[in-house]
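Computed from a predicted model, the values in this text were never measured in an experiment. Lettering follows sequence order; numbering is per chain, from 1.
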Amino acid sequence: MPELPEVETIRRDLKKKILNKKIKQVLVTGKARVNLDHKGFVKVLKNRKFVNIDRVGKLLIFDIDLKNRFLLVHLKMTGQLIYTRGQQVTAGGHSDVKYNFNLPDKSTRVTFEFVDGRKLFFNDSRRFGYLRIVNATELQKVKEKFGIEPLVKNFTLENFEKILQGRKTNIKAILLNQQLIAGIGNIYADEACFDARVLPGTQVSELTSGQVLKLHRAVEKVIKKAIEERGTTFNNYRDSEGKRGNFLKFLKVYGRVGLKCKRCSGIIEKTKVAGRGTHFCSKCQK
DNA sequence: CCTTGTGTTCTCCG
DNA sequence: CCGGAGAACACAAG
């Protein structure tokens, strides 16, 4: 479940590793979700370089050294971008036996091979993720659909208040809406609500100004901390070296149903809000 | 049946 | 009756 912090971690790491490296070959398997036919997709990327990697919300944008062509990568639920040295994943430190595999494997959909022999694998067991080649006009259209980035300077309290103004839904639905705020998914929506002591199902019109202030701070705080910890590995997420994110141990509510609240004596509950599994402590969130 | 991110469709309301 | 908002549904596959 890569959300903003996970995608941002991959973006920053990959920028250091693959920028301006010539792509020697691209391999697309039959099950890859790519917007062009495989031959056309390979043709765009072969012998090219990525000259920058950008991100909007949970979407990665690779600038190609080819006029008017960009590669969009969305990881959706189980997508991974793993960069290896030859056959072996470069993961050291907290490498995980199960995922310290030889690549490519069954879930590999696309492989980029660079001139130095290193490879970048797009793995996606559930195949919800996709790769898309777009032109500048299409890229612009895609970007326009996203709302404010939580860690950019225009994510002010005033702008957050404007987003909430007149809404007739609950706060979680707002936090998950990519057209309003970009990059928050189910984990960080629940965590931000917990940090702000607000129940995720609270109608926006019922929020006090104090709660709005706390929610604004909570979104910034949680996303920032999660990036520092290189994201959350709950199931499938791995960084570009195949390593887990460290934020799991900082989760206060997500995935903790039935466990004791880390802030009070309550027990974490789980219901459905905005159509998603939602975790909260009804004792210290109001 | 569940999981989540997102695009589409439906419905409601002013 | 139009448009926007929000909810509901669909879809991906394990």
Side-chain angles (χ1 to χ4, degrees), chain A residues 1-8 10-11 29-35 55-61 72-81 98-99 101 105-110 122-132 134 138-139 141-147 149-150 162-193 200-207 222-223 226 231-238 245 247-248 251 253-258 268-280:
Chain A
M1 292 155 276
E3 305 179 26
L4 192 159
E6 292 77 30
V7 177
E8 179 64 11
I10 291 172
R11 186 189 76 84
T29 76
K31 287 191 164 186
R33 290 183 56 191
V34 172
N35 70 325
R55 178 190 58 75
V56 54
K58 304 162 193 169
L59 185 67
L60 284 165
I61 304 164
L72 306 184
V73 178
H74 203 304
L75 302 174
K76 289 288 182 88
M77 288 181 63
T78 57
Q80 303 172 330
L81 281 170
K98 191 180 170 196
Y99 277 85
F101 32 32
D105 67 13
K106 260 187 179 173
S107 73
T108 302
R109 310 300 172 194
V110 179
F122 172 66
N123 297 333
D124 187 9
S125 66
R126 295 193 189 176
R127 287 175 55 223
F128 297 175
Y130 62 78
L131 282 73
R132 270 180 75 194
V134 296
E138 291 165 319
L139 175 62
K141 269 178 102 173
V142 167
K143 279 184 169 178
E144 279 167 9
K145 289 186 183 172
F146 288 92
E149 286 281 330
K162 271 185 202 161
I163 287 167
L164 299 179
Q165 187 74 278
R167 297 286 166 183
K168 290 185 171 60
T169 186
N170 56 68
I171 183 61
K172 178 153 178 179
I174 301 292
L175 295 176
L176 290 176
N177 188 332
Q178 303 301 298
Q179 302 186 53
L180 300 176
I181 304 168
I184 301 176
N186 208 28
I187 296 175
Y188 299 112
D190 284 2
E191 293 299 315
C193 287
T202 310
Q203 288 296 118
V204 170
S205 58
E206 305 294 316
L207 292 170
V222 168
I223 297 292
T232 303
T233 296
F234 198 80
N235 291 317
N236 295 275
Y237 170 70
R238 292 297 184 280
F247 198 71
L248 183 73
L251 294 179
V253 284
Y254 186 89
R256 300 194 68 250
V257 59
I268 305 305
E269 298 166 56
K270 185 177 180 186
T271 58
K272 254 199 165 90
V273 175
R276 299 297 173 216
T278 298
H279 314 71
F280 56 89

Legend entry - Residue whose closest nucleotide on DNA chain C lies nearer the 5' end, Arg127(A) versus Gly166(A): Gly166(A)
Taking the side chain of [X] as heavy atoms from C-beta outward, which of [options] is closest to it?
X	options	answer
Lys272(A)	dA12(C), dG5(B), dC2(B)	dC2(B)
Arg33(A)	dT4(B), dA12(C), dG6(C)	dA12(C)
Arg167(A)	dA5(C), dG5(B), dT3(B)	dA5(C)
Arg126(A)	dG5(B), dA13(C), dC2(B)	dA13(C)

Find the distance [X]:[atom1] to [N]:[atom2] and express it as a whole number of Å.
X	N	atom1	atom2	result
Leu180(A)	dG5(B)	CG	C1'	15 Å
Tyr188(A)	dG5(B)	OH	P	11 Å
Lys168(A)	dA7(C)	NZ	P	11 Å
Asn170(A)	dG6(C)	CG	P	10 Å
Gln165(A)	dA5(C)	CD	C1'	15 Å
Asn177(A)	dG6(C)	CG	P	8 Å
Asn123(A)	dA13(C)	CG	C1'	16 Å
Phe128(A)	dG14(C)	CZ	C1'	8 Å

Legend entry - ring pair (Phe, Tyr, Trp, His ring centres under 6.0 Å) partners for Tyr188(A), two or more places apart: Phe247(A)
Legend entry - Backbone of Asp124(A) reached by a side-chain donor or acceptor of Arg109(A) within 3.5 Å: yes
Inset, instruction - Report yes or no: does Gln178(A) contribute a side-chain atom to a donor-acceptor pair with the main-chain N or O of Leu176(A) at less than 3.5 Å? - result: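 Such a contact is found between Gln178(A) side chain and Leu176(A) backbone.
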Legend entry - salt bridge (Lys or Arg N to Asp or Glu O under 4.0 Å): pairs with one or both residues in residues 177-193 of chain A, sequence neighbours excluded: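 Listed once each, the pairs are Lys172(A)-Asp190(A).
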Inset, instruction - Would you mind classifying the nucleic acid contact of Lys270(A) as base, sugar-phosphate or nothing, using non-hydrogen atoms under 4.0 angstrom? - result: sugar-phosphate
Inset, instruction - Pick base, sugar-phosphate or nothing for Gly275(A), based on heavy-atom distances below 4.0 Å to the nucleic acid. - result: nothing
Legend entry - Non-hydrogen side-chain atoms of Ile171(A) and Leu164(A) separated by less than 4.5 Å: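 Touching, per the 4.5 Å side-chain cut-off.
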Inset, instruction - Indicate whether OP1 or OP2 belonging to dA5(C) is found under 4.0 Å from a side-chain N or O atom of Thr169(A). - result: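 For dA5(C), OP1/OP2 do not have a side-chain N/O of Thr169(A) under 4.0 Å.
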Inset, instruction - Could you encode protein contacts along nucleotides 6-14 of chain B as a string, one character per nucleotide from 5' to 3', using B for base contact, S for sugar-phosphate-only contact and - for no contact, with a heavy-atom cut-off of under 4.0 Å? - result: B--------
Legend entry - Derivation and outcome, salt bridge (Lys or Arg N to Asp or Glu O under 4.0 Å), residues Glu138(A) and Lys141(A): CA-CA 5 Å; Glu138(A) 291 165 319; Lys141(A) 269 178 102 173; over 6 Å; no
Inset, instruction - Mind checking the OH-CG spacing from Tyr130(A) to Leu59(A)? Nearest 0.5 Å is all I need. - result: 5.0 Å
